[in-house]
Each structure stands twice: as C-alpha cells, then as structure tokens.
**Q** 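Input: one structure, supplied below.
Below, chains carry the letters A, B, ... as their sequence lines are ordered, and counting in each starts from 1.
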Amino acid sequence: MNADPRGVLTGSHFLDGDHAAAEGALAAGANFSAGYPITPSTEVVERLAGRFPFTGGTFIQMEDELAASIAIQGAVWGGSKALTVTSGPGFSLMMEHLGYGIMTETPFVLVDVQRGGPSTGLPTMPAQADMMQARWGSHGDYEIIALAPSSPQECFDLMIRAFNLSEKYRTPVLLMMDECVGHMLERVVIPSPDKIQIEPRRYTKKGPGEQYWPYSLEECNDGDLVPPLTKVGEGHFPHITGLTHDERGYPAMNAKSQAVLLGRLVDKIRKNADDIITIEEDGTDNADVVVVSYGITARVCQPAIAKARAEGRKVGFLRLVTVWPFPEKRIRELAGRVSAFVVPEMNLGQIVREVERCSQGRPKVRGVTHAGGAVHDPEEIYNAIREVMG
Amino acid sequence: MSESYEATVTDPVSAPMTCDSNPVEDWLRMDRMPHIWCPGCGIGTSVNCFTRAIEESSLDRKNIAIVSGIGCTGRVAGYLLLDSFHTTHGRALPFATGLKLASPKTKVVVYSGDGDLFAIGGNHFIHAARRNLDMTVLCVNNFNYGMTGGQVAPTTPEFAIASTTPYGSVERPFNLPYLAQSCGAVYVARWTVYHVKQLQRSIREALEKPGFTFIEMVAPCPTLFVRRNRLGDGLAALESYEENAVIKNGADTRECDLGMGGPIVCGKFVDIDRPSYLSNQVAHLRKVLGDRYVMPDAWQGVVE
Amino acid sequence: MVETKKSVAPKAPKGHVVVNTERCKGCGFCAQFCPTGVLAMSKGFNLKGYHPPIVADAAKCSGCDLCGMYCPDFAIYGVKNGRKPGGGDL
C-alpha cells in the first residue's frame with residue numbers, strides 16, 4: 001500500500017533527526033500521538049502537534065509518560081496508528097506499557113532519543129546506554145524489535161520501517177535514536193507518497209456479531225503467528241487484558257497458557273528474524289577485524305576505520321540498523337573467520353556483550369566504551385583496532 | 001416454608017415461567033461466569049445497575065467501550081460483553097483518553113476501584129476531569145485494596161483498620177465527590193449499592209451527559225474491610241448504608257466526607273455544562289486555522 | 001405460612017422470581033431487600049455450600065426485579081407475569 005499523501009511532505013529538507021522522525025511518522029500514516037515533554041526528544045511531538053491539524057491527526061500532551069504510553073494504545077484500539085516519544089527517564093516510566101503492548105499485541109512505535117543516565121543524567125547530551133533497557137526493560141520474557149538510526153534521513157526512513165514492522169508483527173517497535181542524531185541537522189529527502197510503502201493494518205474479516213477472538217490464529221496461514229486485529233465499534237466485543245490470556249483474550253492463569261502465549265509472542269519475532277533484521281556491511285568479506293557499531297557511533301567509527309585501512313589493515317564494518325532482534329546468525333558467521341571484533345558504543349558495554357555471546361570465545365572482542373555526554377574520539381576507536389590487530 | 005431448596009427450585013412459583021435467562025446475562029460474558037467476587041461483595045450489584053442503565057439508555061451496544069484498571073473492580077471489564085479493556089494498574093483513564101480521541105463515536109466508560117483510580121491513578125484522574133473529555137467514570141469505593149488483601153487506600157476512613165494499618169489509619173481520606181468537582185467534572189454523584197434504583201438512574205444520566213461524568217459507588221468489601229473493622233458481613237454493610245445514608249441532591253461536596261459509622265451523603269451533587277474537550281478542540285482549531293484545519297476522519301459527523 | 005398462602009390464593013401473583021441456586025453465594029441481599037417479603041434464605045445448601053434464597057411467599061411477588069438488581073452473583077431475577085425479563089412485551 002502507498003502512503004496517504006496527506007502526511008507526506010515530499011521534497012528535500014534541512015531537518016534535524018527529531019523533526020525528520022516526526023515527518024517519518026506522518027508519512028507512515030500515524031494519526032495519533034500522546035507525549036510528555038522531555039529533552040532531547042520533545043521536538044518530535046512539537047512538530048506533530050503543529051502538523052497534525054493539517055493531516056487529520058490528533059496530538060495530546062498527557063500528564064506523564066505512563067499516561068502517554070498507554071493513551072497511544074487506547075488510540076490504537078480505537079483505530080489509530082500511534083506513537084509516543086521520550087528519553088531516558090521517560091523511557092523508564094514507559095516500560096510498564098511496553099510490556100502491556102507486547103502482551104496485548106498492540107502495534108505502536110515508541111521512540112527513545114537517548115541521553116546520558118541513569119536518573120536525570122545528562123538531559124541535553126547523548127548516550128546509547130538504553131540499549132539493554134530496550135531489550136529487557138519490561139519485566140517478563142519477550143522479544144522486541146528495535147531500530148537505531150544514524151542520521152536524520154534514517155530517522156525518517158526507519159520511522160516508516162518501525163511502523164511497518166509494528167503492523168506486520170502486531171507488536172510495539174522501538175526507535176532507538178540518540179541526542180546527536182536527534183539534534184543533528186542534515187538534508188532529508190522525503191519521497192513522493194507513491195514511493196513510500198506502507199504495511200496496512202491487518203484487521204479481521206469477521207463481520208459484526210461473528211465470533212472474533214483477538215488471539216486466535218484461525219484467520220492466519222500456516223506458520224503465521226500474528227492474529228488479525230479489530231478495533232472498537234465493530235461489534236466484535238473483544239476482551240483485551242495484560243493478564244496471561246487464551247485465544248479468546250480471557251485471563252487464563254496457569255503454566256500451560258503462559259507457555260503457549262509467551263511461546264507465540266517470542267516465536268513471532270524469532271522465526272521472522274531474517275525479515276526484521278537489517279544490517280549494513282562494508283569490507284567484511286576479507287576482513288581481519290570487524291568494527292560493529294550503531295547509531296551516531298557508527299559514523300564516528302568511520303575516520304578510525306579509514307585511517308586503519310590506509311595503513312593496509314583489513315578492517316570491516318558492520319552497522320546494526322536493527323539492534324533487536326540481534327543479528328546472531330551473521331555475527332556467528334563472521335566470528336568463525338575474523339580475528340577480532342571491535343565494538344564502539346556510547347555506554348559502558350552493552351551490545352558488546354551480545355557480540356561476545358555470539359562469538360563464543362573464538363575471536364577477540366574489544367569494546368570501546370564511552371560514558372556518554374559526547375561522542376567518541378575516533379582516535380580511541382583507531383587505537384582499539386590497532387590493539388586487537390597486535 | 002420449605003426448608004429444602006430443591007423443592008423451591010423445581011417449583012419456584014405457581015405462575016408460568018416466561019423466560020429462562022436473567023436479563024443481565026445478555027450483557028455478560030457467560031462463558032466467564034461464575035465471577036471471582038466474594039459472597040456479599042457489592043461490585044456485582046453495581047454491575048446490575050450499570051447494565052440496566054445502558055439497557056434503558058439510547059446507547060448502541062456496539063458503541064460502548066469499557067475500560068478498567070487492576071483490582072477486584074478492574075475485573076468488571078472482563079465480565080461485560082462489550083468492547084472491553086483490562087489495562088494496567090491505575091491507567092484506565094489515560095487508555096480511555098486515547099480511545100476516546102481515536103473513536104469519538106464510542107461511549108467510553110471507565111469502571112474501576114478507589115485504589116486504582118485515586119492512588120496509583122490519582123494523577124490521571126485529576127487531569128482527565130480537568131480536560132473534560134467525554135467519558136463516564138464509575139468508581140466502586142470499598143475503602144481498601146480488595147484483590148491484594150485489604151491494604152489501606154486513599155479512601156480508607158480515618159482510624160479504620162487495614163492490613164497495612166493494623167492499628168488504624170491516621171491519614172485523612174479523599175472525599176471523592178469534592179475531588180471530582182474541584183478538578184472539573186461536570187456531573188458528580190454518590191450512591192451506595194443499597195440505592196440500586198437511584199444508582200441506575202444516575203448512571204444513565206452520567207452516560208448520556210457530554211463531558212467528564214463521575215459516580216462514586218460505595219460498596220462493601222465483606223472479606224476484608226468490613227470483616228476487619230467488625231462491621232459484620234456484606235448484608236450488614238448494606239443495612240448500615242440504608243441507615244446512614246442522607247440523600248441530599250445538590251449537597252455541597254465539601255461536606256461529603258465519609259467517616260467510620262458517620263452519615264453517607266448520597267445524591268447528585270454536580271450537574272453543570274462546560275464545553276467538552278472534543279467540541280472545544282474542533283471549535284478552536286476551526287477558528288484559528290479556518291479551512292486549513294483537517295478534522296480527523298473518525299471525528300467527522302460525531303464532533304461538532 | 002399456611003394461612004398466608006390461603007389468604008392470597010385467589011389472586012394470581014403479579015410476578016415471579018427465578019433463582020439460579022448454583023450461582024448463589026448466599027449473601028442474603030435479595031431476601032433482605034425484597035419490598036414485599038417474597039424471599040427467605042434456605043437452611044439447605046447448594047453444591048458450593050451456600051444457602052440460596054427460597055420463595056417463601058410467591059403470591060406477594062410483584063415481579064419488580066429488585067432482587068435481580070441487588071444480586072451480586074446474577075443468580076436471581078424477578079419478572080412481571082406476562083412480560084419479558086427486563087420489562088419488554090412478550
């Protein structure tokens with residue numbers, strides 16, 4: 001399906017990542033957002049608040065992030081496409097409803113423009129320290145989809161992809177920006193609506209009064225683990241709960257129901273990992289060392305890689321566009337033939353643990369940490385490359 | 001009088017049977033019965049008043065959504081055969097806010113308990129009332145947290161016993177009608193579940209009134225609050241409501257505090273008109289943006 | 001008891017109640033608040049061990065359904081004779 005032209009601001013723009021993300025949401029067909037101000041993410045909802053009255057959308061500023069992150073889910077069940085946007089402290093509050101969205105299989109996009117933490121931390125300065133919170137922030141077991149843009153253009157592009165994935169897999173999707181990407185101004189090209197592919201919401205084909213169960217796979221093809229949605233007012237009378245439930249949506253609190261439900265919630269992501277995962281690689285084919293990075297740090301790596309290559313070193317580069325689910329398969333393949341991974345990230349070691357896990361002790365894995373507040377000095381990354389190459 | 005109930009079951013009355021189903025069953029998910037509520041709990045009684053009120057109202061069943069939080073009253077959503085949402089603890093109101101904004105044709109009813117709406121959800125309540133978004137909030141006030149074992153709530157009367165105030169609570173409880181009125185609710189009433197007819201009428205009025213409407217429904221928690229405070233059982237509690245109720249429509253809500261054994265002022269206290277969020281939004285954006293304003297599709301023909 | 005029955009026997013009752021005894025949890029609301037005193041609580045038990053209501057004086061039933069409104073367990077309702085439950089025409 002092509003994008004609804006009402007939301008698409010076709011043209012070449014000079015935008016920061018926050019504004020580009022807002023345009024991405026509009027292009028994806030988002031027509032509802034609830035938010036709560038928090039630096040450095042607020043520009044996203046400010047732009048939506050200004051733009052929605054011209055595109056048939058609604059923005060409401062809620063009383064806190066708890067409210068914002070559940071108001072969007074009410075809106076989704078009311079038939080909207082919805083997002084909310086926050087940063088560190090608000091991201092912590094929203095974990096409650098990330099879990100609710102996963103459990104109830106409510107599609108929406110949650111944007112975290114990362115800043116330094118914990119607690120109030122560094123409101124106006126960058127970090128990439130919420131990456132594990134993105135993976136494990138809600139209590140309970142689940143799989144999550146998280147994308148990490150490296151540029152304002154990608155804030156636009158990946159916002160659309162985030163919405164598409166959320167609809168396809170009927171699940172919340174995280175867009176893990178950082179303060180640098182959010183506040184960096186660059187050229188952003190917004191294509192014409194017919195060039196933007198939108199994953200339409202899959203609604204049940206059942207008519208009013210027909211028995212519809214919100215978690216039944218009756219209308220799915222073999223192997224498809226994503227039940228179709230409904231919305232209010234259709235006469236389906238669904239019951240939606242955050243309790244462990246059966247196909248009917250009714251609370252079913254026992255070990256078997258838990259195993260069946262969580263098994264499907266996890267499998268619908270794991271079994272489609274190849275479809276969900278996007279990575280970018282450069283020079284990994286014959287690399288000796290591969291630098292693995294994401295977000296703004298993936299760009300900060302480039303001078304270091306260029307310098308090492310200029311010295312004749314075989315340095316490959318792998319950028320995680322999809323961070324979760326983690327591209328285990330590819331990292332394992334590379335682990336079998338490279339001598340080391342270098343993992344620069346703006347935290348004290350998060351994604352590096354995943355690389356270590358997938359490496360299973362074969363190549364060396366060297367993190368290049370940074371506590372946040374500024375990007376790495378590329379020289380540190382260069383030094384790490386040199387160090388692992390001996 | 002027969003002492004064997006079998007005899008009365010097979011032949012309850014001499015008159016001809018005209019039906020074999022309870023009218024409330026039409027509104028219930030019968031595949032979920034029996035419910036979890038204790039003997040003598042007042043929540044089921046409030047549900048009867050609610051279903052009879054919607055039956056009597058002009059509302060189309062398809063266009064009613066019920067949103068609950070967590071707790072004993074939070075289970076109401078799961079038992080009603082409507083579009084029903086059992087949300088997280090305290091967050092029924094913000095969920096309902098998003099739902100209403102996305103689907104204004106839907107009558108959104110928030111049905112939840114005192115702990116859910118006024119402790120963990122207190123902040124959401126004051127803001128929802130302030131916004132005056134069209135929705136009806138039905139609060140079962142049983143003066144404690146039932147589901148988790150009878151802990152002190154923001155409504156527990158001063159000096160009453162709860163599991164976390166074993167020697168009596170020393171906090172001053174909320175006076176819910178006063179709170180709701182202060183925050184901007186356009187309709188505020190309080191009834192006990194003894195007052196079934198008045199409660200039914202009041203729920204209907206609240207459902208049919210635009211804006212943020214609120215009803216406090218005082219109900220017994222016979223297993224915890226009533227038992228711990230040596231007030232007898234559910235029936236004794238209802239008898240005490242009958243005895244202590246002072247019906248005073250239009251009462252000053254500042255004088256509606258509830259204490260142990262004191263009067264229970266009941267009635268319709270507030271019924272005013274104030275532009276609702278949706279109509280205000282549309283009127284204002286039309287004024288400011290003129291023809292450039294694009295109303296959301298779902299609002300067309302619903303919000304004026 | 002016998003006397004009461006006799007005194008009202010000539011008149012057909014205006015309504016009747018239907019009890020689902022197995023759904024009853026014996027709270028006693030229906031019997032206590034029946035405005036005409038139709039109901040009493042049985043000394044017998046249902047399968048769950050609760051005392052359900054019994055119709056002590058059927059002739060007095062007006063079919064007002066107040067018992068149905070009070071019943072927190074949806075276990076009883078009253079019907080006006082010749083009317084549908086909830087009040088509609090048959």
**Q** What about B:Y241 and B:H195, are their ring centers closer than 6.0 Å?
**A**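 No.
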**Q** Looking only at heavy atoms and a cut-off of under 4.5 Å, which of B:V24, B:L238, B:D26 has the most pairs with chain C?
**A**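 Ranked by contacts with chain C, first place is B:L238.
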**Q** Select one option (side chain, backbone, both, neither) describing which atoms of B:V193 are under 4.5 Å from chain C's heavy atoms.
**A**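 Contact with chain C is through the backbone of B:V193 alone.
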**Q** Taking C:A75, C:G78, C:C27, C:C24 one by one, which has the highest count of heavy-atom pairs under 4.5 Å against chain B?
**A**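 Maximum pair count with chain B is reached by C:C27.
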**Q** Given that the side chain runs from C-beta out, which part of B:I43 has a heavy atom under 4.5 Å from chain C: side chain, backbone, both or neither?
**A**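 Contact with chain C: none, neither part.
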**Q** Below 4.5 Å from any heavy atom of chain B, which atoms of C:I76 appear? Answer side chain, backbone, both or neither.
**A**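 Backbone only.
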**Q** Between the side chain of C:N46 and the main-chain N/O of C:T21, is any donor-acceptor distance below 3.5 Å?
**A**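 Between the backbone of C:T21 and the side chain of C:N46 there is a qualifying donor-acceptor contact (under 3.5 Å).
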**Q** Under a 4.5 Å heavy-atom cut-off, does chain B meet the side chain of C:F33, its backbone, both or neither?
**A**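 Answer is side chain: those atoms of C:F33 sit under 4.5 Å from chain B.
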**Q** Is it the backbone or the side chain of B:C49 that comes under 4.5 Å from a heavy atom of chain C, or both, or neither?
**A**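 Both backbone and side chain.
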**Q** Is the side chain of B:N48 donor-acceptor paired with the backbone N or O of C:G68 at a distance under 3.5 Å, no angle test?
**A**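 Here the side-chain-to-backbone pair exists.
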**Q** Is it true that C:D65 and C:R83 make a salt bridge, defined as a side-chain N closer than 4.0 Å to a carboxylate O?
**A**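 Between C:R83 and C:D65 there is no salt bridge, as every charged N stays at least 4.0 Å from the carboxylate O atoms.
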**Q** Under 3.5 Å, is there a donor-acceptor pair between the side chain of B:S84 and the main chain of B:G78?
**A**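 Between the backbone of B:G78 and the side chain of B:S84 there is no qualifying donor-acceptor contact (under 3.5 Å).
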**Q** Looking at B:E242, B:E55, B:E239, B:M33, which makes the most heavy-atom pairs under 4.5 Å with chain C?
**A**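 So the answer, after comparing B:E242, B:E55, B:E239, B:M33, is B:E239.
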**Q** For the pair C:T36 (side chain) and C:K60 (backbone), establish whether a donor and an acceptor sit closer than 3.5 Å, ignoring hydrogens and angles.
**A**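 A pair under 3.5 Å: yes.
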**Q** Name the region of B:E56, side chain, backbone, both or neither, that has any atom closer than 4.5 Å to a heavy atom of chain C.
**A**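 Answer is neither: B:E56 stays 4.5 Å or more from chain C.
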**Q** Against chain C, label B:L199 side chain, backbone, both or neither, depending on which of its atoms sit under 4.5 Å from a heavy atom there.
**A**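 Interface part for B:L199: neither.
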**Q** Top residue by heavy-atom pair count (under 4.5 Å) with chain C, among B:G40, B:S46, B:P222, B:C38?
**A**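 Highest number of pairs under 4.5 Å: B:G40.
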**Q** Mind ranking B:Q200, B:K197, B:H35 by heavy-atom pairs under 4.5 Å with chain C and telling me who comes out on top?
**A**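 When all of B:Q200, B:K197, B:H35 are compared, B:H35 has the most.
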**Q** Quick check on the interface: out of B:V47, B:D233, B:L28, who has the most heavy-atom pairs with chain C under 4.5 Å?
**A**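 The residue among B:V47, B:D233, B:L28 with the greatest pair count is B:L28.
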**Q** Using a strict threshold of under 4.0 Å (side-chain N to carboxylate O), is an ion pair present between B:R204 and B:E208?
**A**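 Yes.
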**Q** Is it the case that B:R52 places NZ or CZ above or below the six-membered ring of B:W27, under 6.0 angstrom from the centre and within 45 degrees of the axis?
**A**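 Cation-pi check for B:R52 and B:W27: fails.
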**Q** I'd like to know if the side chain of B:T45 pairs up with that of B:Y194 as donor and acceptor (distance under 3.5 Å, no hydrogens or angles considered).
**A**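 Side chains of B:T45 and B:Y194: no pair found under 3.5 Å.
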**Q** Counting only non-hydrogen atoms closer than 4.5 Å, does C:K14 touch chain B with its backbone (N, CA, C, O), its side chain (CB onward), both, or neither?
**A**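 Nothing of C:K14, per the 4.5 Å heavy-atom cut-off to chain B.
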